[in-house]
Amino acid sequence: MSPLSFLFLTLTILLCSFHSFVDCNRLIQQTCKNCSETDPNINYQFCITSFQSDRRSHCAKNLYELGLVSIKLIRHNITDTNAQIKELLKKKKKLDPFVKECLDDCLDVYSDTFTTLREAIRDYRAKRYVDCNVKLSSVIDASTTCEDGFKQKDDAISPLTKRNKDVFQLSAIALSIVNMLNIDKLKGTL
């Protein structure tokens with residue numbers, strides 16, 4: 001291959017990669033804009049940052065693929081949250097008994113969401129968006145249940161507030177996408 005041909009091939013590959021990145025970035029921005037405009041619980045910048053943190057979203061060609069990434073982001077976040085809860089529970093001697101009880105409850109609630117998320121992904125792939133919506137709603141409930149447990153005692157401080165808010169927002173993003181897809185399905189545009 002001549003140097004000029006190699007240069008031309010390299011430039012073509014770079015331009016195609018850049019074009020793909022721009023299209024994907026546009027998809028993420030438009031999706032996050034739509035989500036944040038229709039749901040006051042979704043922060044536009046959080047949505048953008050969440051998708052940009054996952055390389056799978058950079059390959060998403062359409063809303064359907066981005067929606068699948070959003071559900072997997074929830075699963076990843078819950079996996080990390082479970083690990084953090086287990087680490088906190090290892091410090092039993094340093095934990096207030098009430099906080100320990102709340103952490104145990106959160107661990108139970110979040111552990112149950114793994115099965116729910118697997119089912120949500122199965123429903124999503126089968127385009128059973130109403131069923132997927134129900135399951136994602138229960139994940140939102142898990143995050144609020146966990147956080148609300150700490151509020152039952154005035155001086156208790158949840159060590160999971162940020163994580164619970166993240167699970168809530170990630171779930172709200174996924175729900176918003178599922179609802180957009182369901183509307184398109186009902187209109188017959190999918």
Side-chain angles (χ1 to χ4, degrees), residues 28-29 31-33 35-60 66-125 131-179:
I28 291 170
Q29 289 174 351
T31 300
C32 289
K33 181 177 185 257
C35 290
S36 64
E37 286 177 352
T38 58
D39 188 336
N41 295 306
I42 300 173
N43 176 283
Y44 174 80
Q45 196 56 50
F46 177 88
C47 182
I48 294 284
T49 304
S50 298
F51 280 123
Q52 288 176 341
S53 73
D54 190 315
R55 62 179 173 78
R56 293 173 294 197
S57 66
H58 301 276
C59 303
L66 200 58
L68 189 57
V69 171
S70 72
I71 297 171
K72 291 179 178 182
L73 279 167
I74 300 166
R75 186 176 59 194
H76 177 75
N77 189 283
I78 289 176
T79 300
D80 285 351
T81 300
N82 261 13
Q84 183 186 17
I85 294 170
K86 288 175 183 176
E87 281 300 312
L88 290 168
L89 286 170
K90 285 181 183 177
K91 303 173 185 174
K92 289 181 184 177
K93 295 176 184 169
K94 298 178 186 176
L95 283 178
D96 174 271
F98 177 78
V99 171
K100 184 199 174 305
E101 182 181 328
C102 289
L103 288 170
D104 282 331
D105 291 344
C106 289
L107 187 62
D108 289 342
V109 167
Y110 276 130
S111 293
D112 291 343
T113 63
F114 289 113
T115 301
T116 304
L117 284 169
R118 265 193 306 277
E119 292 170 0
I121 289 171
R122 190 173 26 249
D123 289 338
Y124 186 86
R125 285 186 171 139
D131 295 335
C132 183
N133 181 309
V134 170
K135 290 169 179 89
L136 292 174
S137 295
S138 75
V139 175
I140 281 184
D141 291 343
S143 68
T144 53
T145 298
C146 174
E147 192 62 27
D148 288 349
F150 291 95
K151 294 177 183 174
Q152 293 180 15
K153 187 175 176 186
D154 288 336
D155 62 340
I157 297 172
S158 169
L160 302 173
T161 299
K162 181 181 179 333
R163 289 184 174 275
N164 288 330
K165 285 180 181 178
D166 289 352
V167 169
F168 185 95
Q169 264 201 85
L170 289 169
S171 300
I173 291 166
L175 270 170
S176 184
I177 292 171
V178 166
N179 289 332

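Just so it is clear, the model here is predicted, and its values are computed rather than measured. Side-chain atoms are counted along with the backbone in the values below, which use heavy atoms only and exclude waters and symmetry mates.
- Listed by chain and residue number, D96 satisfy the salt bridge (charged side-chain N to carboxylate O under 4.0 Å, His left out) test with K153 (two or more places apart in sequence, or in another chain).
- Counting heavy atoms from C-beta on, the side chains of V167 and I140 never come closer than 4.5 Å.
- Here the closest non-hydrogen pair linking I74 and S171 is CD1-CA, 3.6 Å.
- Using a cutoff of 4.0 Å between basic side-chain nitrogens and carboxylate oxygens, E147 and K151 are not scored as salt-bridged.
- Put simply, CG on D54 and OG on S50 are 9.5 Å apart, with the number rounded to the nearest 0.5 Å.
- For the pair S111 (side chain) and D108 (backbone), a donor-acceptor distance under 3.5 Å is absent.
- Side-chain contact check for I48 versus Q45: some heavy-atom pair is nearer than 4.5 Å.
- For D123, the salt bridge (charged side-chain N to carboxylate O under 4.0 Å, His left out) test picks out R128, K135, with sequence neighbours left out.
- In this structure a side-chain-to-backbone donor-acceptor pair under 3.5 Å is missing from S176 to I173.
- On the SG-SG cut-off of under 2.5 Å, C32 and C47 qualify.
- Pairing each heavy atom of L88 with each of L95, the nearest pair is O-CD1, 3.3 Å.
- In this structure, K165 places its NZ atom where only 12 or fewer heavy-atom neighbours from other residues, nucleotides or ligands lie under 6.0 Å away.
- Taking every heavy atom of both residues into account, I157 and F150 meet most closely at O-CD2, 4.2 Å.
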request  = Kindly determine whether Y44 and C35 satisfy side-chain contact (heavy atoms from CB on, under 4.5 Å), including the steps that lead there.
outcome  = CA-CA 8 Å; Y44 174 80; C35 290; over 6 Å; no
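- Rounding to the nearest 0.5 Å gives a distance of 10.5 Å between CZ of R75 and CD1 of I78.
- N77 contributes atom CG, which lies 9.5 Å from atom OG of S53 (distance to the nearest 0.5 angstrom).
- Taking 4.5 Å as the limit, some side-chain heavy atom of R163 sits within range of a side-chain heavy atom of D80.
- Taking both residues in full, the closest heavy atoms of L103 and I85 are given as O-CG2, 3.5 Å, listed atom of the first, atom of the second, then distance.
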After noting the C-alpha distance and the side-chain angles of S57 and L66, does the key distance pass the side-chain contact (heavy atoms from CB on, under 4.5 Å) rule?
CA-CA 6 Å; S57 66; L66 200 58; 3.7 Å; yes
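- The CZ atom of R118 lies 9.5 Å from the OG1 atom of T113; values are rounded to the nearest 0.5 Å.
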side-chain contact (heavy atoms from CB on, under 4.5 Å) assessment of I71 paired with C132
CA-CA 10 Å; I71 297 171; C132 183; 4.0 Å; yes
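- Residues that satisfy the salt bridge (charged side-chain N to carboxylate O under 4.0 Å, His left out) test with K162, not counting sequence neighbours, are D166.
- Contact between T145 and V109 at its shortest, heavy atoms only, is CG2-CG2, 4.2 Å.
- For the pair T144 (side chain) and D141 (backbone), a donor-acceptor distance under 3.5 Å is present.
- Scored by the side-chain hydrogen bond (donor to acceptor under 3.5 Å, both in side chains) test, D39 finds N41 as partners (sequence neighbours excluded).
- Within the structure, disulfide (SG to SG under 2.5 Å) contacts touching residues 75-108 (residues at least two apart or in different chains) are C106-C146.
- The ring pair (Phe, Tyr, Trp, His ring centres under 6.0 Å) test applied to Y124 returns Y64, Y129, not counting sequence neighbours.
- For the atom pair E119 CD and F114 CZ, the distance stands at 14.0 Å (nearest 0.5 Å).
- Here the NZ atom belonging to K100 is positioned 3.5 Å from the CG atom belonging to D104, to the nearest 0.5 angstrom.
- Between S36 and N43 there is no side-chain heavy-atom pair separated by less than 4.5 Å.
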